[in-house]
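Input: a single structure, listed below in structure tokens.
Note that the coordinates shown come from a computational prediction; the quantities given were computed from them, not determined experimentally. Chain identifiers are assigned alphabetically (A, B, ...) following the order of the sequence lines, protein sequences preceding nucleic acid strands; residue numbering begins at 1 within each chain.
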Amino acid sequence: MSQARDDAAFLSRNAVDCLPGGALEDKLGGGRPLRVKLGLDPTAPDIHLGHVVVLQKLREFQDRGHLVVLIVGDYTARVGDPSGRSSTRPQLSGEEIDANARTYQEQAFTVLDPARVEVRRNSEWLDMPMEDLFRLTRTATVAQLLERDDFAKRYAAGTPISILELLYPMMQAYDSVAVESDVELGGTDQKFNLLLGRDVQRAYGRPEQVVLTMPILPGVDGERKMSKSLGNHIGVSEPPEEMYGKTLRIPDTAMALWYDLLLGESLPADLGPRDAKHALARRLVERFHGEPAAHDAAAHFERVVIQRDAPDDMPEHALALNGEPVHLPAVIADAFGLSRSEARRMLGQGAVKLDGTALGADDLDVPGDRLDGAVLQVGKRRFCRLVST
RNA sequence: GGGCGGAUGUCCGAGUGGUUAAAGGAGACGGGCUGUAAACCCGUUGGCUAUGCCUACGCAGGUUCGAAUCCUGCUCCGCCCA
């Protein structure tokens, strides 16, 4: 029993809520591996560091012998979690969902132990007859659903709430019934949905799950929740240099929280903010790409961003030279995915360098022999080597 | 069923006949500065075969020398009353 108490204390550490009090310890005391649920929405197929906070917690459960039930919300994705914003999302095709689900698993497995995961899709059970939907929807009332913070606000403000949106928490809750979850994890913004899972499980005569919520990781802007749609995320499969640079971009004020939530450590007191941030970036890259990549990413940053030199290796851009002068905006546009008008503006702004020499707005046509093998640079970070075909 | 309001560039949002490729803000990008890809300052931000041309203000027509702005029809959305 004291083992259960220790485990419960460990597993609920740095969680915001672990509800109801004592329930986790009771479940752990049952001696049986627990089924720990996490639902992922397969619309945006990228696991980012915000997910990692929760995935790490799942990993801790796995390391103590428990089973993670990963639910791919292929059916709920049709609804879209109504978290504040406009409701309808584009419907995904079966192939897209398959592809996204695969990506998700792959990326989630950078944190989770694949040997202790059960992956399920909620279309397995949510595509139910109307009669079953009646049974499900009878288990909650409108007043209950309107307790949810964002629904309450929208209702008070007179902004529309579709029935479909109201149904979303019900479907998520039913997932818990279907997979017989003992524990469900989520960010604090999921608290309502997770708790509703308990109500619905009870209504179906099942044991109620423990609700464990983790703090929300702020994005690279240091303020808003990390999310792909806000563009303030760092994906776990992003290239090492990106991951490193983006981490360095976070405001100093967010560092302590990142250390805490991602590394499980407190901000090192003996390091200054600059060194602490570099250390953080390095640790994160190391974690997802390994030590050599972390080392290279740090060197790359030092070289490209701080020293402003060209990186060791850069993409090559093939060029057909025939002795004629080459129209530079076209080359820039092709090499970096800009429009030609944009490329001209870059030239005008002194952003384009050829072998380290800045070019100007008048350098529209350049002799071909000047380009072969040269390094073309736009801005501080975009490089490519021009190669004659 | 009735009444009212709306649809503008990546997003938010001004603009009610003519220097409007369309104010302002956000974002993004570029330059400066910096421990930083932060903050701050300055600039850019539809496309192109480029001192000009083309495309753009929900969709389709119409009025006019000229329309994002006026008229007609259509589509979609919101609010209120029942």
Who is the Watson-Crick or G-U wobble partner of [N], with both distances under 3.5 Å?
{"N": "B:G43", "value": "B:C29"}
{"N": "B:U16", "value": "none"}
{"N": "B:C74", "value": "B:G58"}

Rounded to the Å, how far apart are [X] [atom1] and [N] [atom2]?
{"X": "A:Glu223", "N": "B:G27", "atom1": "CD", "atom2": "C1'", "value": "14 Å"}
{"X": "A:Leu347", "N": "B:U44", "atom1": "CG", "atom2": "C1'", "value": "14 Å"}
{"X": "A:Lys380", "N": "B:U36", "atom1": "NZ", "atom2": "P", "value": "10 Å"}
{"X": "A:Met255", "N": "B:U36", "atom1": "CE", "atom2": "C1'", "value": "10 Å"}
{"X": "A:Ile332", "N": "B:G47", "atom1": "CD1", "atom2": "P", "value": "14 Å"}
{"X": "A:Glu238", "N": "B:A37", "atom1": "CD", "atom2": "C1'", "value": "12 Å"}
{"X": "A:Arg303", "N": "B:G35", "atom1": "CZ", "atom2": "C1'", "value": "20 Å"}
{"X": "A:Lys246", "N": "B:A38", "atom1": "NZ", "atom2": "P", "value": "13 Å"}

Inter-nucleotide [atom1] distance ([N], [M]), Å rounded:
{"N": "B:U44", "M": "B:C71", "atom1": "C1'", "answer": "40 Å"}
{"N": "B:G62", "M": "B:A14", "atom1": "C1'", "answer": "28 Å"}
{"N": "B:G35", "M": "B:G47", "atom1": "P", "answer": "36 Å"}
{"N": "B:U10", "M": "B:C29", "atom1": "C1'", "answer": "13 Å"}
{"N": "B:A38", "M": "B:A23", "atom1": "P", "answer": "26 Å"}
{"N": "B:C11", "M": "B:G73", "atom1": "C1'", "answer": "31 Å"}
{"N": "B:C42", "M": "B:G24", "atom1": "P", "answer": "14 Å"}
{"N": "B:C40", "M": "B:U75", "atom1": "C1'", "answer": "47 Å"}

[X] side chain N/O closer than 4.0 Å to the phosphate oxygens (OP1, OP2) of [N]?
{"X": "A:Ser339", "N": "B:C48", "result": "yes"}
{"X": "A:Arg345", "N": "B:G47", "result": "yes"}
{"X": "A:Arg308", "N": "B:U36", "result": "no"}

Distance criterion of 3.5 Å, no angle test: do you see the side chain of A:Arg381 paired donor-to-acceptor with the base of B:A37? yes
Answer with yes or no whether A:Gln349 presents, from its side chain, a donor or acceptor under 3.5 Å of a partner atom in the base of B:G31. no
Closest approach of A:Leu145 to A:Leu166 (non-hydrogen atoms, all atoms of both residues): CD1-O, 3.6 Å
What contact category does [X] fall into here, base, sugar-phosphate, or nothing, at under 4.0 angstrom with non-hydrogen atoms?
{"X": "A:Gly245", "result": "base"}
{"X": "A:Asp252", "result": "base"}
{"X": "A:Tyr244", "result": "nothing"}
{"X": "A:Ile306", "result": "sugar-phosphate"}
{"X": "A:Arg274", "result": "base"}
{"X": "A:Glu241", "result": "base"}

Let's go through A:Asp252 and A:Lys277 carefully: what are the C-alpha distance in whole Å and the side-chain angles of both, what is the deciding distance for salt bridge (Lys or Arg N to Asp or Glu O under 4.0 Å) to 0.1 Å, and is it a yes or a no? CA-CA 8 Å; A:Asp252 293 356; A:Lys277 204 177 287 179; 2.6 Å; yes
More 5' along RNA chain B: A:Arg382 or A:Leu248, using each one's nearest nucleotide? A:Arg382
Using the closest heavy atom to pick a nucleotide of RNA chain B for each, name whichever of A:Val352 or A:Pro273 lands nearer the 5' end. A:Val352
Given B:G31, B:U36, B:A37, identify the nucleotide with an atom nearest to the side chain of A:Glu242. B:A37
When you check every protein heavy atom under 4.0 Å of nucleotides 50-57 of chain B, what one-letter string (B, S, -) results, 5' to 3'? B-------
Could you verify whether a donor N or O on one side chain and an acceptor N or O on the other, from A:Gln172 and A:Asn193, lie under 3.5 Å apart? yes
Regarding A:Ser176 and A:Gln201, do their side chains bring together a donor and an acceptor under 3.5 Å, going by distance alone? no
Side chain to side chain, [X] and [Y], heavy atoms closer than 4.5 Å:
{"X": "A:Ser123", "Y": "A:Leu126", "answer": "no"}
{"X": "A:Glu118", "Y": "A:Arg35", "answer": "yes"}
{"X": "A:Asp372", "Y": "A:Leu386", "answer": "no"}

State whether A:Glu106 and A:Arg102 are salt-bridged, where the test is any N-O pair (Lys NZ or Arg NE/NH1/NH2 against Asp/Glu carboxylate O) under 4.0 Å. no
Given A:Asp182, which of A:Arg206, A:Arg198, A:Arg32 fulfils the salt bridge (charged side-chain N to carboxylate O under 4.0 Å, His left out) condition? A:Arg32
Salt bridge (charged side-chain N to carboxylate O under 4.0 Å, His left out): pairs with one or both residues in residues 344-360 of chain A, sequence neighbours excluded: none
